[in-house]
Amino acid sequence: MTINQAVTAFAGFMVLLSLVLTYFVSPYFVWLTAFVGANLFQSAFTGFCPAAMIMSKLGFKPA
């Protein structure tokens, strides 16, 4: 799995997790969804993605 695929899978998982937490725990977990979306948006323009840096250190292959 490449870093890009791992980041996309992780972002999708985080969005789904935040939706479940919003529904079952607290409506304030919707802010986690907003954070993930904002991070994806800024990384598209800046190229800076903390999750990609972590995935790289974990041994995922570059794209």
Side-chain angles (χ1 to χ4, degrees):
M1 181 177 275
T2 66
I3 293 173
N4 289 342
Q5 291 171 326
V7 168
T8 303
F10 180 69
F13 172 77
M14 291 304 293
V15 167
L16 292 174
L17 176 65
S18 69
L19 290 174
V20 169
L21 290 172
T22 298
Y23 185 78
F24 289 109
V25 178
S26 169
Y28 292 112
F29 275 106
V30 75
W31 287 106
L32 179 59
T33 307
F35 173 75
V36 171
N39 191 29
L40 286 169
F41 186 73
Q42 71 82 25
S43 72
F45 291 101
T46 65
F48 175 74
C49 181
M53 294 178 353
I54 293 170
M55 302 284 181
S56 174
K57 290 182 181 182
L58 289 174
F60 286 87
K61 299 176 282 187

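Just so you know, these numbers use all the heavy atoms, side chains as well, and skip hydrogens, waters and symmetry mates.
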State the [atom1]-[atom2] distance between [X] and [Y], to the nearest 0.5 angstrom.
{"X": "C49", "Y": "L40", "atom1": "SG", "atom2": "CG", "value": "7.0 Å"}
{"X": "M1", "Y": "T8", "atom1": "CE", "atom2": "OG1", "value": "9.5 Å"}
{"X": "I3", "Y": "M55", "atom1": "CD1", "atom2": "CE", "value": "9.0 Å"}

Side chains of residues 11-22: which donor-acceptor partners sit under 3.5 Å, not counting sequence neighbours?
unit_1: S18; atom_1: OG; unit_2: M14; atom_2: O; d: 3.3
unit_1: S18; atom_1: OG; unit_2: V15; atom_2: O; d: 2.8
unit_1: S18; atom_1: OG; unit_2: T33; atom_2: OG1; d: 2.3
unit_1: T22; atom_1: OG1; unit_2: S18; atom_2: O; d: 2.7
unit_1: T22; atom_1: OG1; unit_2: V30; atom_2: N; d: 3.0

Checklist outcome for this item: Between A51 and F10 the two heavy atoms that sit nearest each other are CB-CD2, 4.4 Å

Checklist entry - So, for P62 and T2, which heavy atoms are closest and what is the spacing to 0.1 Å? => result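 It is O-CG2, 4.1 Å.
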
Item to check | For F41, the rest of its hydrophobic cluster, which grows through side-chain links under 4.5 angstrom | outcome: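 Its cluster mates, by chain and number, are F45.
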
Item to check | Check: Q42 side chain, F48 main-chain N or O, donor-acceptor pair, under 3.5 Å | outcome: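 Yes, Q42 side chain to F48 backbone: donor-acceptor pair under 3.5 Å.
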
Checklist entry - Cluster question for you: counting only ILVMFWY and a side-chain heavy-atom cut-off of under 4.5 Å, with indirect links fine, are I54 and L32 together? => result yes

